[in-house]
2 protein chains.
Amino acid sequence: MGGQQWNPYVRDCPTRQLLDRIGDRWTVLVIGALGDGPRRFSEIAHRVDGVSQKMLTQTLRALERDGLVTRTAYPEVPPRVEYELTELGTTLREPLKALEDWATAHMGGVLDSRRRADQPADAGSSR
Amino acid sequence: MGGQQWNPYVRDCPTRQLLDRIGDRWTVLVIGALGDGPRRFSEIAHRVDGVSQKMLTQTLRALERDGLVTRTAYPEVPPRVEYELTELGTTLREPLKALEDWATAHMGGVLDSRRRADQPADAGSSR
DNA sequence: CTGAATCCGTATCGATACTG
DNA sequence: CAGTATCGATACGGATTCAG
């Protein structure tokens with residue numbers, strides 16, 4: 001199996017499905033936060049700055065559903081729940097890392113370009 | 001100047017900025033469609049299945065603003081406009097390709113897991 | 001601590017009609 | 001052909017409240 005050559009233009013190719021899946025605000029960040037081992041709910045919440053409790057829960061549920069993360073609840077009081085990347089989830093970290101590296105290297109240039117484009121007038125006057 | 005170590009958890013790290021930028025439905029696909037050379041507006045529209053005129057325009061404008069794509073209008077009748085990845089835009093293709101490859105290899109498994117998780121009842125009966 | 005449920009503003013996007 | 005403008009649905013996500 002496999003070997004089917006998808007071009008990423010067609011509606012339900014894997015690329016689109018992946019984009020639909022990780023193209024929200026938090027999924028990629030949560031996967032990143034789980035990159036170095038299992039983490040508790042509150043640890044993830046603390047690491048992923050700005051995520052609300054609702055969105056974190058929702059994101060983790062979706063990741064679990066898709067087999068990218070496992071959820072382990074310990075029957076204690078107070079409750080402790082740990083999330084961990086599955087093997088599959090771990091394999092996703094590499095391409096994500098490539099993206100992070102690109103961002104670190106090049107986003108500055110992107111923002112510069114954006115700022116330049118946002119100069120309303122010609123702005124050549126100052127040089 | 002380089003060397004600053006961002007962790008992808010903090011609010012305005014490059015990773016988040018990139019995600020905010022490419023985390024929409026079309027940007028990644030449009031970059032993909034421009035991967036093998038300059039393309040006309042209508043060519044891109046045809047390649048990126050399902051994109052509306054509005055969203056394609058909007059996406060291309062944003063890419064241009066960010067220095068990832070150049071726009072060249074030829075003063076002809078009828079008009080011809082070509083879009084092409086800049087050098088910077090081209091560098092983004094590599095990590096994006098890594099993501100596409102992951103999708104091709106693993107999205108099937110993800111969808112399987114999702115389908116399994118969506119079985120309402122225990123469904124263990126069939127084994 | 002973990003998480004479900006609700007309310008609600010807003011950003012996103014698709015469809016459609018119109019223009020040079 | 002390559003856009004622009006407008007409208008409306010709805011999905012996304014933040015704040016808050018309640019519960020085991």
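Reminder, nothing fancy here: chain letters follow the sequence lines and each chain counts from 1.
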How many whole angstroms separate atom [atom1] of [X] from atom [atom2] of [N]?
{"X": "A:Asp49", "N": "D:dG14", "atom1": "CG", "atom2": "C1'", "answer": "14 Å"}
{"X": "B:Glu76", "N": "D:dG3", "atom1": "CD", "atom2": "P", "answer": "13 Å"}
{"X": "A:Leu56", "N": "C:dG3", "atom1": "CG", "atom2": "C1'", "answer": "10 Å"}
{"X": "A:Phe41", "N": "C:dG3", "atom1": "CZ", "atom2": "C1'", "answer": "7 Å"}
{"X": "A:Glu43", "N": "C:dC1", "atom1": "CD", "atom2": "P", "answer": "11 Å"}
{"X": "A:Asp20", "N": "D:dA11", "atom1": "CG", "atom2": "P", "answer": "13 Å"}
{"X": "A:Arg40", "N": "C:dC1", "atom1": "CZ", "atom2": "P", "answer": "8 Å"}

- Query: Is any side-chain N or O of B:Tyr83 closer than 4.0 Å to OP1 or OP2 of D:dC1?
  - Reply: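 Checking B:Tyr83 against D:dC1: no side-chain N or O falls below 4.0 Å of OP1 or OP2.
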- Query: Looking at A:Thr57, does any N or O in its side chain come under 4.0 Å of the phosphate oxygens OP1/OP2 on C:dT2?
  - Reply: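 Checking A:Thr57 against C:dT2: no side-chain N or O falls below 4.0 Å of OP1 or OP2.
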- Note on the structure: Whether each nucleotide of nucleotides 7-20 of chain C has a protein heavy atom under 4.0 Å at its base (B), only at its sugar-phosphate (S) or at neither (-) is summarised, 5' to 3', as B-----BBB-B--B
Only counting residues at least two apart or in another chain, list the ones meeting side chain to side chain contact (heavy atoms under 4.5 Å, CB included) with [X].
{"X": "A:Arg65", "answer": "B:Arg114, B:Ala117, B:Asp118"}
{"X": "A:Ser52", "answer": "A:Lys54, A:Met55"}
{"X": "B:Ala73", "answer": "B:Arg71, B:Val81"}
{"X": "B:Glu43", "answer": "B:Arg39, B:Arg40"}

- Which residues pass the salt bridge (charged side-chain N to carboxylate O under 4.0 Å, His left out) test with A:Glu76, sequence neighbours left out?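 In terms of salt bridge (charged side-chain N to carboxylate O under 4.0 Å, His left out), with neighbours along the sequence ignored, A:Glu76 is linked to A:Arg80.
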- Task: Please name all residues satisfying side chain to side chain donor-acceptor pair (under 3.5 Å) with A:Thr57, sequence neighbours left out, ordered by chain then number.
- Result: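 Result, side chain to side chain donor-acceptor pair (under 3.5 Å) vs A:Thr57: A:Gln53.
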- Message: Just to verify, what does A:Asp24 make a side chain to side chain donor-acceptor pair (under 3.5 Å) with, not counting sequence neighbours?
- Response: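 If we apply the side chain to side chain donor-acceptor pair (under 3.5 Å) test to A:Asp24, skipping adjacent residues, the hits are A:Thr27.
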- Note on the structure: Note, DNA chain C 5' to 3' with Watson-Crick or G-U pairs under 3.5 Å encoded as ( ), [ ], | and . gives ||||||||||||||||||||
- Output yes when a side-chain donor or acceptor of B:Thr104 lies under 3.5 Å from a complementary backbone atom of B:Glu100, and no otherwise.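 Side chain of B:Thr104 to backbone of B:Glu100, a donor-acceptor pair under 3.5 Å: yes, one is there.
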- Query: Are the side chain of B:Thr86 and the backbone N or O of B:Leu68 linked by a donor-acceptor pair below 3.5 Å?
  - Reply: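 Yes, the answer is positive, given that a donor and an acceptor are paired below the 3.5 Å cut-off.
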- Those residues of residues 62-72 of chain B lying under 4.0 Å from DNA chain C by at least one heavy atom: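 None, since no heavy atom is under 4.0 Å.
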- Listed once per pair and sorted, the ring pair (Phe, Tyr, Trp, His ring centres under 6.0 Å) pairs that draw on residues 90-111 of chain B, sequence neighbours left out: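 Residue pairs passing ring pair (Phe, Tyr, Trp, His ring centres under 6.0 Å), neighbours aside: B:Trp102-B:His106.
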- Task: Taking ring pair (Phe, Tyr, Trp, His ring centres under 6.0 Å) as the test, write out the residues that go with B:Trp26, two or more places apart.
- Result: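 B:Trp26 satisfies ring pair (Phe, Tyr, Trp, His ring centres under 6.0 Å) with no residue once adjacent residues are dropped.
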